[in-house]
Student: 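Have a look at the structure that comes next, please.
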Amino acid sequence: MRSAHQCNSLRELTFFQLLHFKGIDRRICEKGYRNKPLTQQQKNRNRKKSKIRARVEHVFGFMTNSMKGIYVRTISFARTTFLIIMNLTYNLCRYCVLKK
């Protein structure tokens, strides 16, 4: 990877170049266009990316709908403690569902 001083300006980079520059793996689903559908390889890559995204979205959706949101307007330790308790509550609810 290049160091920051070797790059002329971060503003000159596109979004995907910036991700590559920072060493972040690109996990954005590819899109098919009219008269140019996705290849089987692209579909397989999208399926792999979507599995991870769907699992994460379900967790946040559960917290938002069942626990009245995940936004807390406090600072530092109180917020951290609340989010940890919320996460533990989600894990207990998930355990109860899986145990059935």
Side-chain angles (χ1 to χ4, degrees):
M1 298 301 293
R2 301 185 314 179
S3 61
H5 60 66
Q6 290 175 328
C7 181
N8 294 336
S9 170
L10 290 179
R11 281 179 258 132
E12 295 174 6
L13 298 175
T14 65
F15 176 71
F16 297 118
Q17 289 172 330
L18 186 61
L19 289 178
H20 179 70
F21 178 74
K22 291 188 173 195
I24 299 172
D25 197 19
R26 184 176 155 194
R27 302 228 171 145
I28 300 171
C29 288
E30 300 175 57
K31 182 179 175 184
Y33 295 97
R34 185 184 319 157
N35 298 327
K36 191 169 190 225
L38 293 175
T39 64
Q40 190 61 40
Q41 184 181 16
Q42 289 174 317
K43 289 179 184 179
N44 290 338
R45 284 195 303 251
N46 280 353
R47 189 173 297 117
K48 185 177 178 183
K49 294 171 190 175
S50 294
K51 282 183 182 179
I52 297 168
R53 185 196 47 156
R55 184 67 234 153
V56 172
E57 285 181 359
H58 281 106
V59 172
F60 284 104
F62 178 84
M63 287 183 177
T64 301
N65 295 331
S66 300
M67 299 181 182
K68 307 297 183 215
I70 58 173
Y71 300 107
V72 181
R73 298 216 183 262
T74 59
I75 299 174
S76 89
F77 186 72
R79 180 178 185 177
T80 306
T81 305
F82 182 77
L83 291 176
I84 289 171
I85 291 171
M86 185 178 274
N87 192 339
L88 288 172
T89 305
Y90 169 78
N91 289 335
L92 285 172
C93 291
R94 185 73 182 147
Y95 174 76
C96 291
V97 168
L98 292 174
K99 192 72 174 170
K100 287 182 181 180

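Reckoned from all heavy atoms, side chains included, excluding hydrogens, waters and symmetry mates.
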Student: As an exercise, state the distance from OG1 of Thr89 to CE of Met63, rounded to the nearest 0.5 Å.
Tutor: 8.0 Å
Student: Residues two or more places apart in sequence or in another chain: which of them pass salt bridge (charged side-chain N to carboxylate O under 4.0 Å, His left out) with Arg45?
Tutor: Glu30
Student: Do you know which two heavy atoms are closest between Leu38 and Lys43, and how far apart they sit?
Tutor: O-CE, 3.7 Å
Student: Distance from Gln42 atom CD to Cys29 atom SG, nearest 0.5 Å?
Tutor: 11.0 Å
Student: Nearest 0.5 Å, what's the CZ-CD1 distance between Arg47 and Ile52?
Tutor: 14.0 Å
Student: Please, which pairs that meet salt bridge (charged side-chain N to carboxylate O under 4.0 Å, His left out) have at least one residue in residues 49-67, sequence neighbours excluded?
Tutor: none
Student: Determine whether the side chains of Asn91 and Arg94 contain a donor N or O and an acceptor N or O closer than 3.5 Å.
Tutor: no
